[in-house]
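Note sheet for the following structure.
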Amino acid sequence: MTDLKHRLGDALAAAFVALDLPPELGRVTPSDRPDLADFQCNGALPAAKKAGRNPRDIATQIAEGLAGNPDLASVEIAGPGFINLRISDARLAQRANEIATDPRVGADQVEAPRRVLIDYGGPNVAKPMHVGHLRSSILGESLKRIFRFRGDEVVGDAHFGDWGYQMGLLIGAVLDENPGLSGLVERLNSPETETVTEGEAFKAQADTITLADLDRLYPAAAARGKEDADYRDRARRLTVELQAKRPGYYRLWQHFARVTQVALARDFHALGVDFDLWRGESDVDGLIPDMVHDLDQRALLMDDQGARIIRVARQGDKRELPPLLVVSSAGSAMYGTTDLATVLDRKQTFGPDLVLYAVDQRQADHFEVVFRAAVLAGYAVEGSLEHIGFGTMNGTDGKPFKTREGGVLKLNDLIEMTRTKARERLTEAGLGSELAPEAFEQTASQVAVAALKFADLSNYRGTSYVFDLDRFSSFEGKTGPYLLYQAVRVKSVLRRATDQGLQAGPIQLTDPAERELILLLDAFDSALSEAYDKRAPNLLAEHAYKLAQTFSRFYAACPILPAEGAVRASRLTLAQTTLKQLELALDLLGMHAPDRM
RNA sequence: GUGCCCGUAGCUCAACCGGAUAGAGCAUCCGCCUUCUAAGCGGACGGUUGCAGGUUCGAGUCCUGCCGGGCACGCCA
């Protein structure tokens with residue numbers, strides 16, 4: 001299964017080779033001038049530069065070499081030496097029918113599947129997810145689907161942030177606020193004298209601590225820890241105690257994790273995001289002592305200012321990278337320690353060829369340090385760990401997104417706000433009375449998710465973007481709901497066709513709008529493979545948008561049901577195929593189109 | 001201070017190893033529902049790609065400098 005771009009590229013490459021020129025000059029791209037051609041090849045320009053010849057002469061010779069190619073309706077030389085190619089109707093129709101019967105709707109697979117682990121979401125204990133988690137979740141989920149569809153063996157891991165100093169801070173803050181609980185925890189720290197009543201009393205008291213409490217206590221504790229040295233030292237000691245699994249602290253921590261997870265599951269589910277693995281930092285904690293020993297044995301660890309570090313600076317670095325801090329001066333494991341242990345754990349349990357970390361761009365240096373340390377330690381091979389950084393989501397003022405009160409907007413609230421907008425719009429469209437309440441609610445969710453996800457994924461991940469709910473959910477123009485709406489229109493037409501007992505048939509060309517649509521259907525593989533190579537779903541989002549837009553033009557220009565005979569049959573197939581590819585692209589982006597909206 | 005990223009239409013964003021006339025959406029204006037969902041389609045308007053140099057037949061894209069913005073720079077994660 002080869003798309004037209006590559007098929008023509010092969011023909012061009014052969015023509016270049018016939019002139020003793022390198023085949024890569026035959027690279028074919030969609031035409032920049034659709035009024036002049038379907039595809040173009042610019043290879044004559046660099047060829048002429050190298051040989052000191054006139055590019056138009058080379059282009060003319062290439063064109064002569066293509067004479068008689070049945071795929072081509074015309075080959076023309078334009079400008080300084082562009083080779084303009086127009087595909088023949090016969091070949092285009094043939095390709096259209098090929099895509100129509102292909103279960104993958106024209107998309108190829110990778111030649112050598114790899115084992116890929118994608119680390120995304122990154123929720124933390126005690127902190128409800130906020131808008132900052134949105135991008136990681138949306139991006140990671142889409143990459144997971146794209147990689148999987150391309151044929152790799154992929155697992156997604158939430159990588160729960162449930163360990164470390166923050167937990168020590170939190171335990172301290174909770175105990176301070178609940179003196180009764182504090183006493184119980186101290187008692188439980190000596191389990192040999194624990195009574196049944198104490199165990200039950202602990203459970204009852206712990207259960208009164210909600211996620212909202214944790215969310216309130218943590219920022220205050222973190223702030224105080226920065227200023228108050230004694231408070232900070234105590235939190236560090238508690239962290240060490242927790243890491244030693246002192247029973248009272250450990251049980252309290254388990255409660256924190258449980259409470260948090262319930263809320264996380266709800267938010268992820270609402271976004272259509274799910275994980276194959278729900279590993280946490282705490283899961284690799286047990287590996288750390290042996291890992292530190294191993295690093296020490298191999299003389300990678302150095303003592304520095306009371307801490308133990310791995311130096312990762314290399315010659316030729318443009319600036320000095322900080323070392324990886326493996327053991328803090330207080331004796332506890334650090335963020336980077338856990339990340340390194342996670343690399344080791346994944347090597348042992350999954351053996352990935354590639355690990356992608358969908359994490360905020362601001363952590364680029366941190367990951368560079370961890371990756372270098374992992375390579376030095378032999379836990380990963382160079383290049384197998386990749387940080388997929390992304391920019392921040394800003395408010396309409398251009399600054400990192402805040403609520404009107406200046407706080408951080410919780411992800412759940414954001415989703416609910418978007419759903420409210422979707423409900424309003426659906427009601428305006430009169431769907432409130434047409435659909436059963438559950439179906440209405442489900443449709444509102446699908447529209448809301450599409451609004452959020454498309455707004456995010458249509459931007460290149462590396463850049464920051466402005467979050468503007470009114471714009472995203474206006475449902476007009478380049479938005480998620482627009483994509484869903486186009487899918488819904490096709491579904492509606494196909495439903496009617498089925499009701500009328502109409503049959504689809506082979507695709508034939510009768511109108512320029514059909515040509516355009518088929519050329520776009522053919523471009524799916526390029527969009528998908530480029531999104532895969534660059535880990536950039538925005539390229540796929542762009543394709544989905546163009547497909548929806550091109551279909552809409554086709555829909556306006558070419559009546560489907562009112563047409564007759566073979567033309568109607570052909571257009572029905574074209575509509576079916578467009579729907580299949582559009583729904584597939586939406587699925588890879590993490591969206592789903594309802595039947596009506 | 002050092003390093004990384006960014007600067008494109010009034011606004012939000014694209015632009016496939018450097019290629020023809022830099023594209024979409026929103027906003028503004030004009031047109032299109034007695035044919036399939038008008039959340040739609042067509043058209044108009046809108047650009048010195050931050051500034052100044054350089055490389056090249058050709059630069060939004062590569063190089064240098066400057067201006068402006070964001071971010072990161074070991075004991076939080």
Side-chain angles (χ1 to χ4, degrees), chain A residues 5 24 27 29-33 35-36 40 42 45-46 48-49 55 78-82 84 122 124 127 161 163-166 169 222 225-226 232 235-236 281 304-307 309 317-325 327-330 332 334-336 338-339 360-366 369 389 391-392 394 396 398-400 425-426 428-429 447 455 458-460 462-466 468 471 474-479 481-482 484-486 488-497 526-527 530 534 538-539 542 545-546 549 552-553 555-557 559-563 571 575 596-597:
Chain A
K5 179 172 125 174
E24 57 269 21
R27 198 172 76 98
T29 57
S31 178
D32 292 333
R33 295 286 305 272
D35 53 321
L36 300 178
Q40 67 184 38
N42 299 341
L45 298 159
K49 186 180 209 164
F82 301 114
N84 281 336
N124 290 307
K127 291 186 261 186
W163 211 237
Y165 172 65
Q166 53 177 345
L169 273 173
K226 273 184 192 159
R232 181 165 60 234
R236 291 229 174 92
E281 293 171 341
D304 194 88
Q305 298 167 41
I309 62 169
D317 280 351
K318 287 195 173 172
R319 85 195 162 81
E320 201 181 342
L321 268 183
L324 182 75
L325 199 53
V327 184
S328 78
S329 47
S332 57
M334 306 295 293
Y335 179 36
T338 309
D339 278 352
D360 194 318
Q361 189 63 47
R362 287 178 292 198
Q363 296 193 40
D365 283 356
H366 167 73
V369 169
T392 52
N394 296 331
T396 40
K399 293 176 182 162
R425 189 63 192 87
L426 289 172
E428 278 172 37
V447 170
S458 59
N459 295 300
Y460 175 67
T463 59
S464 297
Y465 73 99
V466 173
D468 182 343
R471 185 159 60 78
S474 78
F475 305 167
E476 275 164 27
K478 196 170 183 176
T479 64
Y482 171 88
L484 301 193
Y485 177 71
Q486 295 309 334
V488 164
R489 287 214 296 188
V490 188
K491 287 185 184 188
S492 172
V493 171
L494 295 177
R495 256 197 314 270
R496 281 172 183 270
S526 284
E530 219 181 326
K534 294 183 176 169
N538 65 304
L539 297 169
E542 184 67 21
Y545 176 69
K546 277 202 261 182
Q549 204 180 31
S552 198
R553 274 198 287 269
Y555 180 87
I560 301 169
L561 301 180
R571 287 177 182 172
R596 291 166 217 276
M597 65 183 274

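The basis for the numbers below is simple: all heavy atoms, side chains too, and nothing from hydrogens, waters or symmetry mates. Note on naming: letters A, B, ... go to the chains in the order of the sequence lines (proteins, then strands), and numbering restarts at 1 for each one. Just so it is clear, the structure is predicted and the values come from calculations on it, not from any experiment.
- Regarding A:Tyr460, its OH atom lies at a distance of 12 Å from the P atom of B:G7, rounded to whole Å.
- Only the P atoms considered, B:A72 is 24 Å distant from B:G65, to the nearest whole Å.
- B:G50 and B:G60 have their P atoms separated by 10 Å, with the value rounded to a whole Å.
- Side-chain N/O atoms of A:Ser552 include one lying less than 4.0 angstrom from OP1 or OP2 on B:C41.
- Sparse packing is recorded around NZ of A:Lys546, with 12 or fewer heavy atoms of other residues, nucleotides or ligands lying under 6.0 Å away.
- No hydrogens or angles were tested; on distance alone, nothing pairs the side chain of A:Asp360 with the base of B:A77 as donor and acceptor under 3.5 Å.
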Where does RNA chain B pair, written as one dot-bracket string 5' to 3', with Watson-Crick or G-U pairs under 3.5 Å, ( ) inside the strand, [ ] for crossing pairs and | for another strand? (((((((..((((.....[...)))).(((((.......))))).....(((((..]....))))))))))))....
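- Rounded to the nearest 0.5 angstrom, A:Leu494 CG and A:Ile560 CD1 are separated by 7.5 Å.
- If you take atom P in B:A38 and the same atom in B:U48, they sit 38 Å apart, rounded to whole Å.
- One atom, NZ of A:Lys478, and another, P of B:A39, lie 21 Å apart when rounded to the nearest Å.
- The side chain to side chain donor-acceptor pair (under 3.5 Å) search around A:Thr392 returns A:Asn394, A:Ser464, not counting sequence neighbours.
- Between A:Tyr465 and A:Tyr545, the residue anchored closer to the 5' end of RNA chain B is A:Tyr465, taking for each the nucleotide with the nearest heavy atom.
- Interatomic distance, CZ of A:Arg236 versus CG of A:Leu169, reported as 9.0 Å (0.5 Å rounding).
- Counting all heavy atoms, side chain and backbone alike, A:Ala235 lies closest to A:Tyr165 at CB-CE1, 3.6 Å.
- Between A:Lys5 and A:Pro30 the shortest side-chain heavy-atom distance falls below 4.5 Å.
- Taking atom CG of A:Asn394 as the reference point, atom P of B:U12 lies 11 Å away to the nearest angstrom.
- Place A:Arg425 and A:Asp35 on RNA chain B by their nearest nucleotides, and A:Asp35 ends up nearer the 5' end.
- Distances from the side chain of A:Tyr165 to the nucleotides B:A14, B:G19, B:C76 place B:C76 closest.
- Residue contacts for A:Gly79: at a heavy-atom cut-off of 4.0 Å it reaches no nucleic acid atom on any strand shown.
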For nucleotides 59-75 of chain B, just jot down a letter per nucleotide in 5' to 3' order: B, S or -, based on protein non-hydrogen atoms under 4.0 Å. ------------SS-BB
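- Among the protein residues, A:Gln40 comes within range of the nucleic acid bases, having at least one heavy atom under 4.0 Å from a base atom.
- Nucleic acid contact class of A:Ala78 (heavy atoms, under 4.0 Å, all strands): base.
- At a cut-off of 3.5 angstrom, the base of B:A24 holds no donor-acceptor pair with the side chain of A:Glu542.
- Between A:Phe82 and A:Leu45, some side-chain heavy-atom pair lies under the 4.5 Å cut-off.
- Comparing the P positions of B:G47 and B:G10 gives an interatomic distance of 7 Å, to the nearest angstrom.
- Across the C1' atoms, B:G69 and B:U28 are found 30 Å apart, a figure rounded to whole Å.
- At least one side-chain nitrogen or oxygen of A:Thr463 sits closer than 4.0 Å to the OP1 or OP2 atom of B:A14.
- Within the nucleic acid shown, A:Tyr335 comes within 4.0 Å of at least one base atom, counting heavy atoms only.
- Below the 3.5 angstrom threshold, one finds a donor paired with an acceptor across the side chain of A:Lys49 and the base of B:G58.
- Rounding to whole angstrom units, CG of residue A:Asp32 and C1' of B:A15 are separated by 9 Å.
- The A:Lys5 side chain lies nearest to B:C16 when the options are B:G19, B:A77, B:C16.
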For a quick check, with a 4.0 angstrom heavy-atom cut-off, what is the B/S/- contact string for nucleotides 31-38 of chain B, read 5' to 3'? ----BBBS
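- Taking atom C1' on both B:G3 and B:U49, the two are 26 Å apart, rounded to the nearest angstrom.
- For A:Lys534, the side chain to side chain donor-acceptor pair (under 3.5 Å) criterion is met by A:Glu530, not counting sequence neighbours.
- A:Glu476 contributes atom CD, which lies 7.0 Å from atom CZ of A:Arg425 (distance to the nearest 0.5 angstrom).
- By the 30° and 60° cut-offs, the orientation of the rings of A:Tyr545 relative to A:Tyr482 is tilted.
- Straight-line distance between the P atoms of B:C41 and B:A27: roughly 13 Å, to the nearest whole Å.
- In this structure, A:Asn459 atom CG and B:U8 atom P are separated by 14 Å, rounded to whole Å.
- The CG atom of A:Leu484 sits 12 Å away from the P atom of B:G40 (whole-angstrom rounding).
- Nucleotide B:C76 holds its P atom 10 Å from the NZ atom of A:Lys226, rounded to whole Å.
- The number of heavy atoms from other shown groups lying within 6.0 Å of CD (A:Glu24) is above 12.
- With its glycosidic angle within 90° of 0, B:C33 is assigned syn.
- The side chain to side chain donor-acceptor pair (under 3.5 Å) check on A:Lys478 picks up A:Glu542, with sequence neighbours excluded.
- When rounded to the nearest whole Å, the span between CD of A:Gln486 and P of B:A39 equals 10 Å.
- Taking side-chain N and O atoms only, A:Tyr482 has a distance below 4.0 Å to OP1 or OP2 of B:C41.
- Closest to the side chain of A:Gln549, out of B:C41, B:G19, B:G40, is B:C41.
- B:A59 sits 14 Å from B:G53 when the P atoms are compared, rounded to a whole Å.
- From A:Asn124, atom CG reaches atom CD of A:Glu281 across 7.0 Å, with rounding to the nearest 0.5 Å.
- Not one N or O on the side chain of A:Gln486 forms a donor-acceptor pair closer than 3.5 Å with the backbone of A:Ser552.
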